[in-house]
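No experiment lies behind these values; they were computed from the predicted model shown. Numbering of ligands and ligand atoms starts at 1, following listing order.
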Amino acid sequence: MTMISPLQKARLQYKPKLPVALRNGISAVKTVEGAPTQSVADQDKINALFPATYGSPQIVFESGEAKAGKAINVGVILSGGQAPGGHNVIAGLFDGLKSINKDSKLYGFLKGPDGLVKNEYMELTADIIDAYRNTGGFDMIGSGRTKLEKIEQFETGRVNCEKLGISALVVIGGDDSNTNACLLAEYYKHNNIGINVVGCPKTIDGDLKNEFIEASFGFDTACRVYSELIGNIQRDANSAKKYWHFIKLMGRSASHIALECALQTHANICIVSEEVAAKKQTIAEIVDYIADVVAKRAAKGCNFGVALIPEGLIEFIPEMKTLIAELNDLLAHEEKVFSDLSKEDKIKFIADKLNPALSKTFMSLPQTIQLQLCLDRDPHGNVQVSLIETEKLLAEMVGSKLKAMKEQGSYKGKFSTQSHFFGYEGRCAAPSNYDADYCYSLGYNATALLNAGKTGYMSSVRNTINPADQWIAGGIPITMMMNMERRHGEDKPVIQKALVKLEDKPFKTFAANRDVWAVETDYVYPGPIQYFGPTEVCDLITKTLELEKA
Ligand code: FBP
């Protein structure tokens with residue numbers, strides 16, 4: 001038998017909390033429908049692309065009379081990057097289904113959306129579920145990034161579901177995966193296939209949220225892990241007093257993770273990509289800002305510090321954004337020719353094809369960054385920003401700037417750097433109490449949507465800044481979150497990414513404090529996630545959520 005740690009053993013016994021409306025089992029849930037909905041933008045285009053599912057009403061669940069429920073077979077898919085709490089969503093689904101009828105069955109499709117298409121699955125029995133309760137990771141059934149968008153995939157999926165008597169699918173994923181879930185729901189509904197599809201909001205990036213989806217699961221736990229590490233590094237920096245640490249933090253596009261970690265730790269510098277874009281800052285201006293903080297601290301005798309860099313920064317610097325958009329189109333159309341070239345020829349090929357201004361920007365970058373910008377896109381057409389070493393690029397450029405400042409006499413310090421990238425360290429951590437409860441509730445709630453015969457919806461559990469007794473369970477049509485965006489050189493319907501809003505309290509709070517945090521050593525050390533103990537230590541919510549809902 002595999003050995004498990006004492007903490008995991010104790011954690012298996014943790015009973016996640018549920019919203020009141022779901023506490024008597026799914027058969028006792030009453031469905032209250034709201035008004036029809038509209039997409040956030042491009043209403044006519046989205047309506048035309050989703051005629052069967054567009055405009056569905058929002059849903060809120062209330063406690064009702066228990067009725068006998070019919071057994072249903074459901075398939076679950078984990079899609080995209082890992083996020084703490086995925087296993088709890090599946091456990092919630094399992095318990096919800098069994099509460100409807102003990103003969104209901106849950107099948108896990110293996111290794112992401114591919115499992116549905118290739119008919120690779122396992123039945124998730126009580127023994128399996130019980131071994132994974134409150135654990136991190138997606139290893140129960142695995143995940144993948146295959147994009148489900150072709151009719152052949154939908155049809156193969158249908159045949160595979162029919163073989164197992166599956167009448168509903170739950171897709172646990174981020175914005176792209178839930179977009180796919182919506183395409184699948186639309187196809188099955190439009191063609192009267194009798195398979196409903198519901199999504200659950202997953203991603204550590206925190207960029208799948210709106211009024212009804214107040215957080216994507218995993219964000220809380222991942223930020224706590226990174227903040228613990230940043231706090232430890234801050235202690236080290238303040239003890240040794242000899243390094244500037246450049247820390248890149250995951251979060252493909254949005255800077256929510258970097259911002260949350262800055263709010264938790266008071267790091268000296270945090271670059272917020274959305275602000276860079278709004279102020280149309282150049283790389284040179286970002287470098288100037290960092291060098292200025294380094295010089296100010298050096299003047300106080302502090303030749304150390306911590307700078308947080310959001311993973312997606314490069315795509316938000318206007319000159320780089322245009323470059324990346326051009327590269328996306330170019331690589332989408334010239335993929336075959338490009339992949340056969342040597343490193344040097346790849347760079348020359350790109351430089352020749354770009355317009356002169358972009359070619360100049362491209363050629364001004366170090367070769368490692370040029371090649372990283374040309375690496376394969378992910379299946380959704382996104383640049384794999386986790387592979388671009390922005391933290392090293394900035395550390396190097398700040399070093400050069402300080403050298404020039406020293407020569408001019410405007411800087412007299414010492415500048416030694418260490419670079420880090422925190423991402424994978426936090427994606428599979430054991431979920432915090434917040435994520436354990438939220439995820440279990442999202443899964444349980446998804447079965448209520450399926451039991452109510454809903455399709456094309458996302459499971460929504462809100463009011464989570466308050467105790468679970470006050471949580472509101474329901475569903476939101478996925479089309480409501482959509483707009484049109486350019487992907488792989490084509491206009492596509494996608495869930496709109498929720499970027500950091502500069503007018504909202506999390507950013508404003510950071511902006512009001514950053515000058516002090518930059519120069520002073522005002523560090524906060526959050527320490528490791530606590531699972532057992534006083535509620536003020538264990539049942540925390542993110543600063544982002546706290547400030548957004550204040
Ligand atoms: P999801 O959006 O699928 O949740 O993935 C998020 C993420 O963790 C990003 O923060 C990161 O850029 C990316 O996945 C890394 O992808 P991979 O796991 O393929 O390296």
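Note: Phe510 and Trp517 have tilted aromatic rings, judged against thresholds of 30 and 60 degrees for the angle between ring planes. Using cut-offs of 30° and 60° for the angle between ring planes, the Tyr444 and Tyr440 rings count as tilted.
Annotation: Tyr438 is not in aromatic contact with Phe217 [ring centroid separation under 6.0 Å not met].
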Any protein N or O within less than 3.5 Å of an N or O in ligand 1? List each pair with its distance, or say none.
residue  : atom   : partner : partner atom : Å
ligand 1 : 2 (O)  : Thr203  : OG1          : 3.4
ligand 1 : 3 (O)  : Gly81   : N            : 2.8
ligand 1 : 3 (O)  : Arg145  : NH1          : 2.9
ligand 1 : 3 (O)  : Lys202  : NZ           : 3.2
ligand 1 : 4 (O)  : Lys202  : NZ           : 3.0
ligand 1 : 4 (O)  : Thr203  : OG1          : 3.0
ligand 1 : 5 (O)  : Arg145  : NH2          : 3.2
ligand 1 : 8 (O)  : Arg427  : NH1          : 2.9
ligand 1 : 10 (O) : Asp205  : OD1          : 2.6
ligand 1 : 10 (O) : Asp205  : OD2          : 3.4
ligand 1 : 10 (O) : Gly251  : N            : 3.2
ligand 1 : 12 (O) : Glu311  : OE1          : 2.9
ligand 1 : 12 (O) : Glu311  : OE2          : 3.2
ligand 1 : 14 (O) : Arg145  : NH2          : 2.8
ligand 1 : 14 (O) : Arg427  : NH1          : 3.2
ligand 1 : 16 (O) : Arg145  : NH2          : 3.0
ligand 1 : 18 (O) : Arg427  : NH1          : 2.9
ligand 1 : 18 (O) : Arg427  : NH2          : 3.0
ligand 1 : 19 (O) : Arg145  : NE           : 3.2
ligand 1 : 20 (O) : Tyr424  : OH           : 2.5

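Judged by the 6.0 Å distance and 45° axis criteria, Arg11 is positioned over the aromatic ring of Tyr14.
Side-chain contact of Asp42 with Asn483: a donor-acceptor pair under 3.5 Å is absent, judged by distance alone.
The side-chain heavy atoms of Ile46 and Tyr54, taken from C-beta on, include a pair separated by under 4.5 Å.
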